[in-house]
J.: 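I am attaching a structure below and will ask some questions about it afterwards.
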Amino acid sequence: MQAPGTEGSSGDGGGAREGYDPQRIEERWQAYWEAQGLHTPDLAAAPNPYYTLMMFPYPSAEGLHVGHVFAFTGVDIQGRYRRLLGHDVFEPFGFDAFGIHSENFALKMGTHPKKLIPSNIANFRRQLKRWGLMLDWSREVSTTEPSYYRWTQWIFLKLYERGLAYRGKAPVNWCPACATVISDEQVIDGFCERHPEARVERRDLEQWFFRITAYAQRLLDNLSWIDWSDTTKRAQVNWIGRSDGAELRFPVANGGEPIAVFTTRPDTVYGATYMVLAPEHPRVEDLADPARLEEIRSYREAARRKDTVERMDATREKTGVFIGAHALNPATGLEVPIWISDYVLTGYGTGAIMAVPAHDTRDHEFARKFGLPIVEVIRRPEISSEPGRTGHAGAVAKGGGTEEAGGSKQAGDAENAGVLMAGDGSDCWTGEGVMANSGPFDGRPSAEAWQGIVAMLGEKGLGEPRVQFRLRDWCISRQRYWGPPIPMIHCDACGIVPVPEGDLPVVLPDTDDFRPLGTGISPLARVESFYHVPCPRCASPARRDTDVSDNFLDSAWYYLRYPSAHDDTQAWDPELTRKWLPVNFYIGGNEHAVLHLMYTRFLCMALYDMGLVPFEEPFRRFRAHGLLIKDGAKISKSRGNVIDPDAYVRKHGADAFRMNMMFLGPYEEGGDFRDAGIVGVHRFLERVWRWCAEELPRHPEGELPRPVLIKLHQAIRKIGRDMENLSYNTIVAALMELHNTLRAQPVRDRFAAESFVIMLSPLAPHLAEEAWSMLGNKPSVIDARWPVFDPALCVEDSVEVAVQVNGKMRGTVTVARDTAEDEVKAAVLANEKIAAHVAGKQIRRVIFVKNRLMNLITG
RNA sequence: GCCGAAGUGGUGAAAUUGGCAGACACGCUGGACUCAAAAUCCAGUGGGAGAUGAUCCCGUGUGGGUUCGAGUCCCACCUUCGGCACCA
């Protein structure tokens, strides 16, 4: 194909419209890029690999929305910038087409998802091409292709071999709207991530889990060195939730195994006046007084029925039942009653706690309600010793006073007995202090006693330090249809048997009967031809697992597949993987901080441990882009504030649309989408076009004045720096500023014009390509090199020095750069207006910052 | 409650180490061109005072502080947003 050339400027193309015509320019160059294969690197031969990645979407029927344009453009700019720096850039794309979203849509339309996906994908591809993204379409992947999910299943088998996939019965999250179990990460404040109205229920079901908790410490440790957005890392730190504490064991009063608790405050053990077990704790029935069993069982039943929202509500009144048994406080040796209450969670720590009502607000509330003893063991430090805190402490006292009126009398009685009963919540001190009522530890700082107490109990075999993580294992099975079948077979004789690798893929059967019933049994359990299978081990009739795996497993390894997209002998080619991975730069939304991004890191570490990949972190650099909202609300179909990108592209062109997105504000902060600025960007591009098409050709070639040259080199330096920091909004501003300056010059300077066009090209690739040709270059500008600035030309010859008198701005003086203090002072005093401010006063002191400021202090 | 980010003109925003607050745009006002409009171009545009001007005062959420000098640093508070949260 012939290069489109500069017909726009020659004006001889019959019917060519006057002026900047984005539609025509953009479509022409897109066709050229595609025909030339400019976005398809030779992965095996490329000497200088650079892998940029955007989060692949699920191909919905609505098409891509502005949030996608915003996210993808930010990645594309990086890709184009790296290419101009001389890298071989690989920027692939694919489709996350499995999952509940696609399936629900298909159910709504009464069609099979398989039938809907191809047209949706075609529409996505059309949009993405129209936006001018530098995507390598030759290596597109779709997670629903058996050639892809074969390897998803293979990964499942690898994890199983390694003991990282296991089947377990546990209370799991059941979303009634999804009609399947979901993972902890998909539960947001007790509601389903996908259905903000659906309260998540707890169900006891046998499920497949991935042992992500085995990697908790490594997932945490590596955060210290990976180059990721801080916000994302912090979200992961919170989610992993490491607590440093101790496991303490409380002997049972009438014999039997001691009860273990986890606590972060072993220093308060002398104040543990009772114990609480989770209602589901396995020892409850053994320990309980048989006379109380009925009451206990009904409490357990009530707790079981509560959904996640209720159970997580920390404000609701404490409930509980005494089980009629006692344990011995391992420090004091005193008998303490054992209760059950649903404020203690099963599945965290040991599912049991020691209750220290004097120093834990929850235990305090519980003790107050049930009249349990409260013993102070840590003296609160004197508030008055900290001057800055008076106001704060006053507010607390006031708040406490209004809450509980009857508290003070009890406190008085208790004090007589040598025990302090707290009058209200403010008397429950949860901070550090000096030990009291704690035997040999009295008088010592609590922070110090912490270790001593653990050591003392350790000697008696009743405790030791322990680290606890909040992170739970990843529940991977889904009772739905549209996903990769879990490659496992259940045999009555052999138990669970993995599908032999050679039999992969386990193909998802075609069926029109895929509606989920919400019974906890997958739709695949209704497809006999699917689940009837001989046991691979003993050949007797067996049954396939009828669940499918979580959609997030599909996306946890897609980045490994792109370079090897066409390899049907292995999931990824080791050679290409070593060469192109880890991904150099990944950009995506922070809503995936603990979902996709955590799962992907876990899986990568596991694959690394198995020797299947040569790195344990998948993404060298990750940046979270901001969330794009509209009128202060999240963009969503249900809110009816969806923005159609195609309409903007039709009206202003892809270049203006891309650039406007980047001009909205800081890329990593996101913000409100508004189209008010797009006309400004459009006007700017129009001026650039006119400059290259009409103005520059009229100007004589010549040298730019030195100040303009300095501006140019400063702009090159700034834009390069901003590219590294993703400060796209200031790049747009800098380009506009530079263009305003260059355009005012009546000469044509080749370096300046080309530098400008090259720096414009990552943001507005089509116009830049057109301009590149109009400047007399051969396409493509993609193959140009980023301009290099001259540091000597980045500093002005003369500078404006700000002049202050007593710290107030009184004017400026212009002097040669690096002029010494005396000379500047002379210039300042020669300035009448400034001199007027010091007239008749003595200059006591002069503050001078070279090239910037002079501040005269008078007496 | 814990952890973190942010608060700047009418609007989106900018501002190396503390050193001329408001770059770049949008919008608005006035002007040029036009029969007229659109488009384009030029000028102005934080608030107040000053007859206009020179000039002066105020101004980066609130209140203090450090400093010759604070949008930037410190302390306290208010508001908004994000993560975690009956996690022991």
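Convention: sequence-line order gives letters A, B, ...; per-chain numbering from 1.
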J.: Taking only the side-chain heavy atoms of R234(A) (C-beta and beyond), determine which of C26(B), C20(B), C3(B) contains the nearest atom.
T.: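 Per side-chain heavy atoms of R234(A), the pick is C3(B).
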J.: To the side chain of R852(A), which of A21(B), C86(B), U17(B) is closest?
T.: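 Nearest to the side-chain atoms of R852(A), counting from C-beta on, is U17(B).
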J.: Ignoring hydrogens and angles, tell me if any N or O in the side chain of N729(A) forms a donor-acceptor pair with the backbone of L664(A) under 3.5 Å.
T.: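 Absent.
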J.: Among C24(B), A14(B), A54(B), which is the nearest nucleotide to the side chain of P666(A)?
T.: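 Nearest listed nucleotide: A14(B).
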J.: Can you tell if the side chain of D21(A) reaches within under 4.5 Å of the side chain of W689(A), non-hydrogen atoms only?
T.: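 D21(A) does not reach W689(A) side chain to side chain.
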J.: Can you figure out which of A88(B), G19(B), C56(B) approaches the side chain of H837(A) most closely?
T.: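 Selected nucleotide: C56(B).
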J.: Quick one: do the T73(A) and Y728(A) side chains pair a donor with an acceptor below 3.5 Å?
T.: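 Absent: no donor and acceptor within the cut-off.
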J.: If each of N729(A) and E317(A) is mapped to the nucleotide of RNA chain B with the nearest heavy atom, which maps nearer the 5' terminus, i.e. the 5' end?
T.: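 That would be N729(A).
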J.: Let me know which of V375(A), N329(A), I453(A) forms a side chain to side chain contact (heavy atoms under 4.5 Å, CB included) with Y270(A).
T.: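 With Y270(A) as partner, V375(A), N329(A), I453(A) yield a single side chain to side chain contact (heavy atoms under 4.5 Å, CB included), made by I453(A).
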J.: So what does N740(A) hit on the nucleic acid, given a heavy-atom distance under 4.0 Å: a base, only sugar-phosphate, or nothing?
T.: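 Contact class for N740(A): sugar-phosphate only.
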J.: Distance check: side-chain N/O of Y343(A) vs OP1/OP2 of A88(B), anything under 4.0 Å?
T.: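 No, no such contact exists.
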J.: Taking atom types as they are modelled, is there a donor-acceptor pair under 3.5 Å from the base of U55(B) to the side chain of R810(A)?
T.: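 Answer is no: no donor-acceptor pair is held.
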J.: Show each protein N/O and nucleotides 67-69 of chain B N/O combination with a separation under 3.5 Å, one pair to a line.
T.:
| residue | atom | partner | partner atom | Å |
| --- | --- | --- | --- | --- |
| C68(B) | OP1 | R845(A) | NH1 | 3.4 |
| C68(B) | O2' | N855(A) | ND2 | 3.4 |
| C68(B) | O2 | N855(A) | ND2 | 2.4 |

J.: For a quick check under 3.5 Å, do Y299(A) and T319(A) share a side-chain donor-acceptor pair by atom type?
T.: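 Y299(A) vs T319(A): donor-acceptor pair found between side chains.
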J.: Tell me whether D307(A) contacts the main-chain N or O of V200(A) through its side chain, where contact means a donor paired with an acceptor under 3.5 Å.
T.: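 No, because the side chain of D307(A) does not come within donor-acceptor range (under 3.5 Å) of the backbone of V200(A).
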J.: Measure from the side-chain heavy atoms of W239(A) and tell me the nearest of A88(B), C3(B), A85(B).
T.: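 Among the listed nucleotides, the one closest to the side chain of W239(A) is A85(B).
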J.: Using the side-chain heavy atoms of R470(A), tell me which of these nucleotides is nearest: C84(B), A25(B), A88(B).
T.: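 For R470(A), the side-chain atoms sit closest to C84(B).
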J.: Can you find a pair of side-chain heavy atoms, one from E796(A) and one from R817(A), that are under 4.5 Å apart?
T.: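 The answer is no, as the side chains (C-beta and beyond) never meet within the 4.5 Å cut-off.
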J.: Would you sketch RNA chain B in dot-bracket for me? Only Watson-Crick or G-U wobble pairs with both distances under 3.5 Å count, crossing pairs as [ ], other-strand pairs as |, the rest as dots.
T.: (((((((..(((......[....)))((((((.......))))))((((.....))))..(((((..]....))))))))))))....
J.: Can you see whether N806(A) engages T858(A) through a side-chain donor-acceptor pair at a distance of less than 3.5 angstrom?
T.: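 Indeed, the side chains of N806(A) and T858(A) share at least one donor-acceptor pair under 3.5 Å.
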J.: To the side chain of K833(A), which of G12(B), U55(B), C24(B) is closest?
T.: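 For the K833(A) side chain, the nearest candidate turns out to be U55(B).
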J.: Where the side chain of A802(A) is defined as all heavy atoms beyond and including C-beta, which of C24(B), C86(B), C20(B) is the nearest nucleotide?
T.: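 Nearest listed nucleotide: C20(B).
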J.: Under 4.0 Å between a side-chain nitrogen and a carboxylate oxygen: does that hold for D672(A) and K630(A)?
T.: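 Salt bridge: no.
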J.: When you measure from the side chain of A676(A), which nucleotide among C26(B), G12(B), A23(B) comes out closest?
T.: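 The answer is C26(B), which lies nearest to the side chain.
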J.: On the nucleotide C26(B), are OP1 or OP2 found under 4.0 Å from the side-chain N or O atoms that R683(A) carries?
T.: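 It does, given that an N or O in the side chain of R683(A) lies less than 4.0 Å from OP1 or OP2 of C26(B).
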J.: Would you state whether a donor and an acceptor, one from the side chain of E737(A) and one from the base of C24(B), lie under 3.5 Å apart?
T.: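 Answer is no: no donor-acceptor pair is held.
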